[in-house]
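The analysis underlying the following values was restricted to heavy atoms, covering all of them including side chains, and did not include hydrogens, waters or symmetry mates. Within every chain, numbering begins at 1; the chains are lettered A, B, ... in the order of the sequence lines, protein sequences first and strands thereafter.
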Protein chains: 2
Amino acid sequence: MTEPRWLNADERRAWLALLSINTLLPAALDTQLQAAGKLSLFDYNVLAMLSEAEGRFLPMSELAARTSASLSRLSHVVTKLQRRGWVEREAHPGDARVTVAHLTESGMNTIVSLAPGHVGAVRALMLDAMSDDDVADLARIGEKIVARLDDNHWILRER
Amino acid sequence: MTEPRWLNADERRAWLALLSINTLLPAALDTQLQAAGKLSLFDYNVLAMLSEAEGRFLPMSELAARTSASLSRLSHVVTKLQRRGWVEREAHPGDARVTVAHLTESGMNTIVSLAPGHVGAVRALMLDAMSDDDVADLARIGEKIVARLDDNHWILRER
DNA sequence: AACCGCTAGTTGAAGTGTCAAGTATTGATT
DNA sequence: AATCAATACTTGACACTTCAACTAGCGGTT
């Protein structure tokens, strides 16, 4: 067995910071969204991705990719959002295996009303702490890490 | 109602990257730890924080702070780790309100055996994608965000 | 010495996420 | 045209997290 390369000071700082952000940031955003509309950050993201899609609908697989979620997790959540009248499931005309998730009018109204508060929270909790250069650096480094985790990730395809 | 400042291109990239990392990185590390020792990333972190503490014990509150967790979440997890023989609960001599979590010999052996594989995964999934400058930048920016989320966070006290 | 607010931690219930197993459809192969 | 692997999704059970409510001890006040 070979000796593992241990983390140096910067590596440890970067790793611990990311781990902490990872726990604290979603929790804080969840709290804001829970107060504003009784939904989770993940719920919000599902609605947001649909609202930005052409025609406000996407196949479950594509929606799962855009929210970095498993199909199973997404399926459960869409069921929940469906019960609240924000999303509908529809058949895909060309391929009977595919389920299309479609944002309803009510769902669209919900996300439009929640967006300002949510964006405000993202600014207050993270972006306002950073200079413009920091933001650019984080975007660059973050995308490198995403590429390492999933080199076909959709956020990398946009550019 | 004032118009909310929308996200510009870099802000959006930084935010989406962080959101994706947030979902993908813990999932990948969980998978590795689950395969290696049937525990979660959070479980691992609890053991790691105890193993690094003076005397290998910490009050629940301090352990919660070092894992960025709620006391409730930690309490449930410590109960689980206790059942597996890795942690023990002890009374605090000076303050009867305090419960001290103590890493057992068996718990120490567990973390020692898991550490190389875990650190290897952290490198493979994130650090290896970055230059030395990237790592330093991420540490600096990450700590700024942590400070914004919790300006008394323990990782900021170390320096 | 009784009270009161605060700190520290636990618990049970309800909601979420994950995992393994299952269904149905498609496209490719023979 | 029958088979077979792969794709797309759903479901149910179990594990985990969160939330609200609770117990209990400490320190300061009157």
| remark: The side chain to side chain donor-acceptor pair (under 3.5 Å) partners of A/Ser68 (sequence neighbours excluded) come to A/His153
| So does B/Glu62 pair up with B/Arg157, basic N to acidic O under 4.0 Å? | yes
| Between P of C/dT18 and CG of B/Asp30, the distance in whole Å | 8 Å
| With A/Asp43, the salt bridge (charged side-chain N to carboxylate O under 4.0 Å, His left out) member among A/Arg73, A/Arg84, A/Arg83, A/Lys80 | A/Lys80
| query | Which one of B/Glu90, B/Arg89, B/Glu88 satisfies the side-chain hydrogen bond (donor to acceptor under 3.5 Å, both in side chains) criterion with B/His102? | reply | B/Glu90
| task | Please work out which residues in residues 71-86 of chain B have a non-hydrogen atom less than 4.0 Å from an atom of DNA chain D and list them by number. | result | B/Ser72, B/Arg73, B/His76, B/Val77, B/Lys80
| task | Please test A/Glu11 against B/Arg123 for side-chain contact (heavy atoms from CB on, under 4.5 Å), starting from the C-alpha separation and ending with a verdict. | result | CA-CA 9 Å; A/Glu11 287 172 341; B/Arg123 281 199 182 287; 3.1 Å; yes
| task | Check each residue of residues 38-65 of chain B for a non-hydrogen atom within less than 4.0 Å of any atom in DNA chain C, then write out the ones that pass by number, or none. | result | B/Met60, B/Ser61
| request: Look at atom CZ of B/Arg56 and say whether more than 12 heavy atoms of other residues, nucleotides or ligands are closer to it than 6.0 Å. | output: no
| said: Can you tell whether the side chains of B/Arg66 and B/Glu52 come within less than 4.0 Å, N to carboxylate O? | reply: no
| query | On DNA chain D, which is the earliest and which the latest nucleotide, 5' to 3', with an atom closer than 4.0 Å to a heavy atom of chain B? | reply | D/dC16 to D/dC26
| task | Only counting residues at least two apart or in another chain, list the ones meeting side chain to side chain donor-acceptor pair (under 3.5 Å) with A/Arg97. | result | A/Asp95
| task | Let me know which of B/Leu24, B/Leu127, B/Ile21 forms a side-chain contact (heavy atoms from CB on, under 4.5 Å) with A/Ile145. | result | B/Ile21
| For A/Trp86 and A/Thr104, what are the C-alpha separation, side-chain angles and deciding distance, and is it a side-chain hydrogen bond (donor to acceptor under 3.5 Å, both in side chains)? | CA-CA 5 Å; A/Trp86 291 339; A/Thr104 64; over 6 Å; no
| request: Scan residues 93-103 of chain B against DNA chain C and write down, sorted by residue number, each residue with any heavy atom closer than 4.0 Å; if none is found, say none. | output: B/Arg97, B/Val98, B/Thr99
| field | Closest approach of A/Ser75 to A/Met60 (non-hydrogen atoms, all atoms of both residues) | value | CA-CE, 3.7 Å
| request: Indicate yes or no for a side-chain donor-acceptor contact from A/Asp137 to the backbone of A/Asp134 under 3.5 Å, with no hydrogens or angles considered. | output: no
